[in-house]
Amino acid sequence: DLHKAIRRQRQMCIRDRVYEERETLRELYEGLGQISEREQTYLLYRHGFTDDIGHTLIGTAIHFHLSEKRAKKLEGEAMDNLWLELPWWF
């Protein structure tokens, strides 16, 4: 039946997307494990992994008692280091 085949195909697509998202998160956390604890903590907070709320640059700077300039520099360095650890970046 065509409807069953379409439903089966959708389920397979959903399973594939879930698998890819889990794999991406696993790789992301492995990459985070390779950068400094300070950088990990900063990025996890900034992008909402700790509380499900993405924080602004200035909000993150205030949280960590940094100047906005220093927070921006730390974020740039942390992102550079993280990208180098991600297998799908290359």
| message | Does this structure show an ion pair linking Glu30 with Arg26, if we count only N-O contacts that are shorter than 4.0 Å? | response | yes
| note | Residues at least two apart in sequence or cross-chain that pass side chain to side chain donor-acceptor pair (under 3.5 Å) with Glu77, listed by chain then number, are none
| request: State, with a plain yes or no, whether a side-chain heavy atom of Leu25 is found less than 4.5 Å away from one of Phe49. | output: yes
| remark: Only one of Leu66, Thr60, Leu43 passes side chain to side chain contact (heavy atoms under 4.5 Å, CB included) with Leu74, and that residue is Leu66
| request: Classify the angle between the aromatic ring planes of His63 and Tyr45 as parallel (below 30°), tilted (30 to 60°) or perpendicular (above 60°). | output: parallel
For a quick test of your reading: what N or O donor-acceptor pairs under 3.5 Å do the side chains of residues 7-22 make, sequence neighbours left out?
none

| Roughly how far, to the nearest 0.5 Å, is the CG atom of Leu32 from the CD atom of Gln34? | 10.0 Å
| How long is the span from the CZ atom in Phe64 to the CZ atom in Arg46, to the nearest 0.5 Å? | 11.0 Å
| request: Tell me whether Met79 is reachable from Tyr29 by hopping between hydrophobic residues (I, L, V, M, F, W, Y) whose side-chain heavy atoms are closer than 4.5 Å. | output: yes
| query | What pair of heavy atoms forms the shortest contact from Gly31 to Glu85, and how long is it? | reply | CA-CB, 3.8 Å
| message | Does any part of the side chain of Leu82, heavy atoms only, come nearer than 4.5 Å to the side chain of Glu39, both counted from C-beta? | response | no
| request: Under 4.5 Å between side-chain heavy atoms, chaining through other members, with only Ile, Leu, Val, Met, Phe, Trp and Tyr counted: pull out the rest of the cluster around Ile53, sorted by chain and number. | output: none
| task | Search all heavy atoms of Gln40 against all heavy atoms of Gly33 and return the closest pair with its distance. | result | NE2-CA, 4.0 Å
| field | Glu68 side chain reached by Ile62 side chain, heavy atoms, under 4.5 Å | value | no
| said: For a quick test of reading the model, state the closest non-hydrogen atom pair linking Ser67 to Ala61 and the distance between them. | reply: O-CB, 3.9 Å
